[in-house]
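In what follows, a structure is listed as structure tokens, so that the remarks can point back to it.
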Amino acid sequence: MSKDTEVPIRDSMIRLGQLVKLANLAEDGVEAKELIENGMVKVNGEIEDRRGRQLHAGDAVTVNGVTVTVVSG
């Protein structure tokens with residue numbers, strides 16, 4: 001996956017753990033949980049450790065130098 005990719009979502013929001021999986025930033029839910037709990041995930045430039053954090057269109061998520069932006073699908 002290249003840097004700065006847009007990820008469309010169907011609803012008005014998506015939870016952080018779901019987005020990390022959807023954007024292929026993690027292989028599965030277990031890896032997504034570990035990345036988030038270990039402070040490896042940033043939302044809008046700040047470390048986020050809540051898997052259930054609600055994300056909306058315009059939010060940017062960064063994992064291992066790869067950034068994805070949530071857009072309305």
Side-chain angles (χ1 to χ4, degrees):
M1 176 175 286
S2 63
K3 292 186 175 191
D4 303 324
T5 302
E6 292 183 342
V7 177
I9 60 171
R10 290 185 306 238
D11 299 319
S12 63
M13 75 90 185
I14 187 169
R15 303 225 181 256
L16 180 58
Q18 294 172 320
L19 181 80
V20 170
K21 291 185 296 186
L22 178 66
N24 294 317
L25 298 172
E27 298 257 340
D28 55 30
V30 173
E31 184 181 359
K33 179 181 177 183
E34 289 174 356
L35 287 168
I36 294 165
E37 287 179 349
N38 291 320
M40 304 295 291
V41 178
K42 291 184 178 181
V43 175
N44 300 326
E46 296 186 15
I47 293 173
E48 180 58 69
D49 62 0
R50 296 174 296 163
R51 206 170 28 139
R53 160 85 184 258
Q54 292 185 6
L55 303 172
H56 303 275
D59 285 332
V61 175
T62 304
V63 178
N64 295 326
V66 176
T67 301
V68 297
T69 302
V70 178
V71 295
S72 296

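In what follows, every heavy atom counts, from backbone to side chain, and hydrogens, waters and symmetry copies are set aside.
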Residue pair [X] / [Y], side-chain heavy-atom distance below 4.5 Å:
| X | Y | answer |
| --- | --- | --- |
| R53 | L55 | yes |
| Q54 | R15 | yes |
| N38 | E34 | yes |

Please name the pair of heavy atoms, one in [X] and one in [Y], separated by the smallest distance, quoted to 0.1 Å.
| X | Y | answer |
| --- | --- | --- |
| A57 | S72 | CB-OG, 3.7 Å |
| S12 | H56 | O-ND1, 3.1 Å |
| A26 | A32 | CB-N, 3.6 Å |
| N44 | G58 | OD1-O, 4.2 Å |

Is there a donor-acceptor contact under 3.5 Å from the side chain of [X] to the main chain of [Y]?
| X | Y | result |
| --- | --- | --- |
| D49 | E37 | no |
| E31 | E27 | yes |
| D28 | V30 | yes |

Have a look at T62 and tell me which of T67, V68, V43, L25 forms a side chain to side chain contact (heavy atoms under 4.5 Å, CB included) with it. T67

Looking at R51, I'd like to know if its CZ atom is crowded, meaning that more than 12 non-hydrogen atoms belonging to other residues, nucleotides or ligands lie closer than 6.0 Å. no

Quick one: CG on D59 to CG on L16, what's the gap to the nearest 0.5 Å?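 Output value for this atom pair is 9.5 Å.
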
